[in-house]
Amino acid sequence: KNQVEQSPQSLIILEGKNCTLQCNYTVSPFSNLRWYKQDTGRGPVSLTIMTFSENTKSNGRYTATLDADTKQSSLHITASQLSDSASYICVVTSPGFQKLVFGTGTRLLVSP
Amino acid sequence: NAGVTQTPKFRILKIGQSMTLQCTQDMNHNYMYWYRQDPGMGLKLIYYSVGAGITDKGEVPNGYNVSRSTTEDFPLRLELAAPSQTSVYFCASRSAWENQPQHFGDGTRLSIL
């Protein structure tokens, strides 16, 4: 069964600290892996997209990694800010425009 | 650019009523999607469209219908609303190019009582 599992479910960190969110998947075949940020009451916004051949991609203070052999990805947030408080969703795509499998997300709270 | 616009933002329906959730995008994207997001669950695909006049079912299509008469608009129709359809509904669009992100609207929060 195609699945995307994220950990932890929720996380509280102090402002200015770093954190890493995990994503494990069993989706096959694989086309790309995406990380989205979803603020409360808003739609998800794309942070990064990585294909099979990419193992690192950055977007400002966000850095995503991908190990396609172990089917694991991580999202590292550096020097967290209060505005980073959100849910972070990992999405794995198979070839074909409609075959996206969404994780349930990690809820991050950055505390002052 | 407004991106993807969904209306209404909130709605309360009685069991058995019908309504249409509106979605429009101004990015000239061919692909459009409807998802529902339930608490603690990942987004589930209801219907999708690859262009005007072409739609197809996703994972959870029962109780819903869609149409795509123009590139910009992709309304979702609920017939005979049921409590199980209480959810947050998101519309998204994407260009046809490979490895492009989906752009999401801000959702419609629907309660069926």
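Quick note on labels: first sequence line is chain A, next is B, and so on, each numbered from 1. Computed from a predicted model, the values in this text were never measured in an experiment.
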*Can you tell me if A:Ser31 and A:Thr93 form a side-chain donor-acceptor pair at under 3.5 Å?*
no
*If every non-hydrogen atom of B:Val4 is compared with every non-hydrogen atom of B:Ser93, which pair is closest and at what distance?*
CG2-OG, 3.6 Å
*Does B:Gln25 reach the main-chain N or O of B:Thr71 with its side chain, forming a donor-acceptor pair under 3.5 Å?*
yes
_Working for side-chain hydrogen bond (donor to acceptor under 3.5 Å, both in side chains), residues A:Thr51 and A:Asn32_ = CA-CA 4 Å; A:Thr51 61; A:Asn32 59 63; over 6 Å; no
*Pick whichever of A:Gly103, A:Gly41, A:Gly105 has the most heavy-atom pairs under 4.5 Å with chain B.*
A:Gly41
*Look at B:Lys9, B:Met41, B:Gln100, B:Lys44 and state which one has the largest set of heavy-atom pairs under 4.5 Å with chain A.*
B:Gln100
*Quick one: closest heavy-atom pair of A:Thr78 and A:Asn18, and the distance?*
CA-OD1, 3.3 Å
*Counting only heavy atoms closer than 4.5 Å, note whether B:Gln37 contacts chain A via side chain, backbone, both or neither.*
side chain
*By a 4.5 Å heavy-atom criterion (distance strictly below it), what part of A:Arg42 contacts chain B: side chain, backbone, both, or neither?*
both
*asked:* Shorter than 4.5 Å, heavy atoms on both sides: which option in A:Gln6, A:Arg107, A:Gln38 has the most such pairs with chain B?
replied: A:Gln38
